[in-house]
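Written below as structure tokens is the structure these notes are about.
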Amino acid sequence: MSVVIVGGCGHVGLPLGLALAKAGVHTTALDLDAAKVQRVMAGEMPFLEPGTSELLAEVLSSASFSATTDPASITEADTIIVVIGTPVDEHLNPEPDAVVHAIDDCLPFMRDGQLMILRSTIFPGVTGKIEKHLDKSGKKLDLSFCPERIAEGFALVELSSLPQVVGARTETAFTRSEALFAQLGAEPVRVTPEEAELAKLFTNSWRYIKFAIANQFYVMATNAGVDYENVRHAITHNYPRAKDLPRAGFAAGPCLLKDTMQLAAFSNNAFHLGHSAMMVNEGLPLFLVEQMEKEHDLSTLTVGILGMAFKGDSDDPRSSLSYKLRRILRFRAQEVLCADPHMFEDPSFVTQEELLEKCDIVVIGAPHTAYKNLEISQPLFDIWKIVGQSQ
Ligand SMILES: NC(=O)c1ccc[n+]([C@@H]2O[C@H](COP(=O)([O-])OP(=O)(O)OC[C@H]3O[C@@H](n4cnc5c(N)ncnc54)[C@H](O)[C@@H]3O)[C@@H](O)[C@H]2O)c1
């Protein structure tokens, strides 16, 4: 088996490529970003993902994995996996044609008999559109949509432990796709492409709405002077029907909000629960600032945000609500300082030591495990109650 992954140096493509290479599949990561390709070929992961640095070194030395910017690599593979980013546009609308355009660029290098697996999260109907596109081009490929459902930070574990939804229309496309994911040990779940497209968007919107319920309860409890975490403990303790009620916290990152927006657009903006969830989750940074203002005159104070990644133990800033918090605080506080132990490249950040030395108030923006050991003497706003947990 040989695979080329288009978008192969990204957060989804690279862990998948490494896992496939480890399983014995000859894998090439094709990516437009030459700097990332260079880093990967030098054995350096472009982002944090547990276990991948060691795996990258292993599969590079066994020559089962390589990264390239050369689209000619498409021709050599049996299977093409497309996993380019699919962000919303500047008006917050999905761009259903992003994947179609990327495939257009690959078409001259494709050959009859290949299997193409779409793995980017796509707008419903895009698989059907690509089927027609391939037909029109005269190329005879098997096609499936096999959505990625891993959470960043758990890729290598989840790639082999989560079932793989396989959306296809022909027996050959099913069996070839299933055979590939069987290399990782993933149990297949067969559906139509349209069912698979909705399965992915429903999965992420479901999660996003669950976080919104927790955040709405947090706001209600806090306004009433009640500790949400104590209420949550009371609800979930030995009570199986509510055990998945989440903690409160920023629901951010490149997928959950974006995919809820895709569903909203798909339902002609009549996804009322989704829209409400967006308002609740996106409103949390402002609620936090208002809590601070109840106790402090921010206009005379320096506020420090610890943790700028979109979630704990990640170095991924994409759609992080810590940046929204920073924007609000920049308008209301005298000064705002930011630090993150996993993100060194942003020149606007200071070190954690400098932040703790200079700021009057500390707010946690991402619950990094390292904060469990912190002792903070300033007033602290910590939704996750992570600071000092190890004490
Ligand atoms: N990050 C996640 O946890 C996650 C989980 C499940 C699904 N997804 C979905 O997977 C897709 C990819 O997300 P990601 O987080 O890996 O994005 P990413 O931005 O980290 O990676 C995308 C990669 O594709 C490359 N690229 C873009 N256009 C290209 C082209 N035409 N040819 C070759 N390379 C190209 C980029 O340079 C980048 O390296 C999205 O649709 C996303 O919604 C992401």
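Start at 1 and go down the list; that is how both ligands and their atoms are numbered. Residue indices begin at 1 and follow the sequence shown.
Close approach of ligand 1 to Lys258 is summarised as follows: ligand atoms under 4.0 Å from at least one heavy atom of the residue are 41 (O), 42 (C), 43 (O). Numbered from 1 in the order shown, with element, the atoms of ligand 1 that lie under 4.0 Å from a heavy atom of Asp33 read 37 (O). Listed by atom number, the atoms of ligand 1 under 4.0 Å from Ala102 heavy atoms are 31 (N). Short contacts between ligand 1 and Lys200, defined as distances under 4.0 Å to a heavy atom of the residue, involve ligand atoms 6 (C), 7 (C). Near Thr86, meaning under 4.0 Å from one of its heavy atoms, ligand 1 places the atoms 40 (C), 41 (O), 43 (O). Those atoms of ligand 1 with a heavy atom of Val6 less than 4.0 angstrom away are 32 (N), 33 (C). Those atoms of ligand 1 with a heavy atom of Ile150 less than 4.0 angstrom away are 5 (C). Heavy-atom proximity to Arg318, at under 4.0 Å, picks out these atoms of ligand 1: 1 (N), 14 (P), 15 (O), 17 (O), 18 (P), 19 (O), 20 (O).
Geometrically, ligand 1 and Leu32 share a nitrogen or oxygen pair separated by less than 3.5 Å. Checked against a 3.5 angstrom limit, the closest N/O atoms of Arg149 and ligand 1 fall outside it. For ligand 1, the polar-atom distance check against Arg119 finds no nitrogen or oxygen pair separated by under 3.5 Å. Residue Ala151 has no N or O atom closer than 3.5 Å to an N or O atom of ligand 1. Residue Lys36 has at least one N or O atom closer than 3.5 Å to an N or O atom of ligand 1. Ligand 1 has no N or O atom lying under 3.5 Å from any N or O atom of Glu148, backbone or side chain.
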task: Before giving the answer on side-chain hydrogen bond (donor to acceptor under 3.5 Å, both in side chains), spell out for Ser62 and Lys22 the whole-Å C-alpha distance, their side-chain angles and the decisive distance to 0.1 Å.
output: CA-CA 9 Å; Ser62 68; Lys22 165 89 179 164; over 6 Å; no

message: If you apply the rule ring pair (Phe, Tyr, Trp, His ring centres under 6.0 Å), what do you find for Trp384 with Phe250, and how did you get there?
response: CA-CA 9 Å; Trp384 296 272; Phe250 288 167; 5.6 Å; yes

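Judged purely by distance below 3.5 Å, without hydrogens or angles, the side chains of Ser299 and Asp297 pair a donor atom with an acceptor atom. There is a side-chain donor-acceptor pair under 3.5 Å between His133 and Asp104.
Taken to the nearest 0.5 Å, the CG atom of Asp31 stands 13.0 Å off from the CG atom of Asp70. Taken from CG in Asn204 to OG1 in Thr260, the straight-line distance is 7.0 Å, to the nearest 0.5 Å.
Comment: Arg318 engages Glu152 in a salt bridge, judged by a side-chain N to carboxylate O separation of less than 4.0 angstrom. Ion pair Glu290/Arg332 not flagged as a salt bridge, since none of the NZ, NE, NH1 or NH2 atoms sits closer than 4.0 Å to an Asp/Glu carboxylate oxygen.
In this structure, Asp105 has no heavy atom closer than 4.0 Å to ligand 1.
With Glu197 as the partner, the side-chain hydrogen bond (donor to acceptor under 3.5 Å, both in side chains) test is satisfied by one option alone out of Thr127, Thr121, Thr192: Thr127. Under the side-chain hydrogen bond (donor to acceptor under 3.5 Å, both in side chains) rule, Asp227 has a single partner from Lys385, His233, Arg232, which is Lys385.
Comparing Thr121, Thr69, Ile84, Thr203 against atom 26 (N) of ligand 1, the shortest heavy-atom distance belongs to Ile84.
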